[in-house]
Amino acid sequence: SQTIHQWPATLVQPVGSPLSLECTVEGTSNPNLYWYRQAAGRGLQLLFYSVGIGQISSEVPQNLSASRPQDRQFILSSKKLLLSDSGFYLCAWSVTDARYTFGSGTRLTVV
Amino acid sequence: DAKTTQPPSMDCAEGRAANLPCNHSTISGNEYVYWYRQIHSQGPQYIIHGLKNNETNEMASLIITEDRKSSTLILPHATLRDTAVYYCIVTLIQGAQKLVFGQGTRLTINP
């Protein structure tokens with residue numbers, strides 16, 4: 001069966017520090033991968049999506065970047081965190097249609 | 001993708017059927033209607049989707065009007081665990097579908 005792993009579950013980072021969030025998928029090949037962010041009290045915002053290794057599309061200009069070094073691995077990074085980067089980060093995957101499976105999320109607080 | 005309109009909040013008594021409406025008057029002929037829900041502090045969960053015909057699965061039923069301009073998600077016997085934000089999304093199914101989540105309907109199931 002397919003599973004998605006996201007870690008860490010919670011993270012507190014100082015302003016200006018780097019960030020690396022990892023997401024891995026098991027049980028499927030060549031998935032479409034997505035990073036979403038949900039700021040406190042706000043809706044879900046699509047940040048990046050990827051249809052294959054090394055293929056990244058950015059949806060909004062921001063302080064973040066994404067990479068897909070392996071078929072089932074999706075990484076969200078930042079060189080220097082801002083206070084506005086705080087939020088709930090969710091990774092998701094899909095294959096042939098719009099049935100996404102989301103991970104359990106990482107709650108990031110930038111202080 | 002076509003936009004959707006949902007009531008911001010609804011209440012339902014435990015054990016009753018919860019009927020969540022969604023308007024999508026600008027839906028095009030090849031766009032599907034998807035429903036997701038997000039329980040507090042979790043990632044969204046896929047519920048059901050459809051194109052023209054009514055659909056039913058173990059979680060819910062989806063009723064789509066004949067002109068496809070609106071739909072209703074039905075939770076037949078709501079429980080307290082169904083308290084969540086419910087999202088109605090209209091999307092094509094091709095390539096990497098970039099799901100755009102609106103504000104959704106906050107459904108509260110009352111004991």
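A quick note: this is a predicted structure, and the numbers were derived from the prediction, not measured. Chain letters run A, B, ... following the sequence lines, proteins first and then strands; every chain starts at 1.
Comparing B:S41, B:P44, B:G43 by heavy-atom pairs within less than 4.5 Å of chain A, the highest count is held by B:P44. In terms of heavy-atom pairs under 4.5 Å with chain B, the best-connected choice from A:S57, A:A98, A:G105 is A:A98.
In this structure, chain B has no heavy atom under 4.5 Å from any part of A:Q45. Heavy atoms closer than 4.5 Å to chain B are found in the side chain of A:Q38, but not in its backbone. Of the two parts of A:L44, the backbone and the side chain both hold a non-hydrogen atom closer than 4.5 Å to a non-hydrogen atom of chain B.
By the 30° and 60° cut-offs, the orientation of the rings of B:Y34 relative to B:H49 is parallel. Relative ring orientation between A:Y34 and A:Y100 is described as parallel, the plane-to-plane angle staying below 30° on a 0-90° scale split at 30° and 60°.
Between atom OH of residue B:Y87 and atom CD of residue B:Q38 there is a gap of 4.5 Å, rounded to the nearest 0.5 Å.
Ionic pairing of B:D67 and B:K69 is not present here: no N-O contact between side-chain nitrogen and carboxylate oxygen is shorter than 4.0 angstrom. Ion pair A:E26/A:R72 not flagged as a salt bridge, since none of the NZ, NE, NH1 or NH2 atoms sits closer than 4.0 Å to an Asp/Glu carboxylate oxygen.
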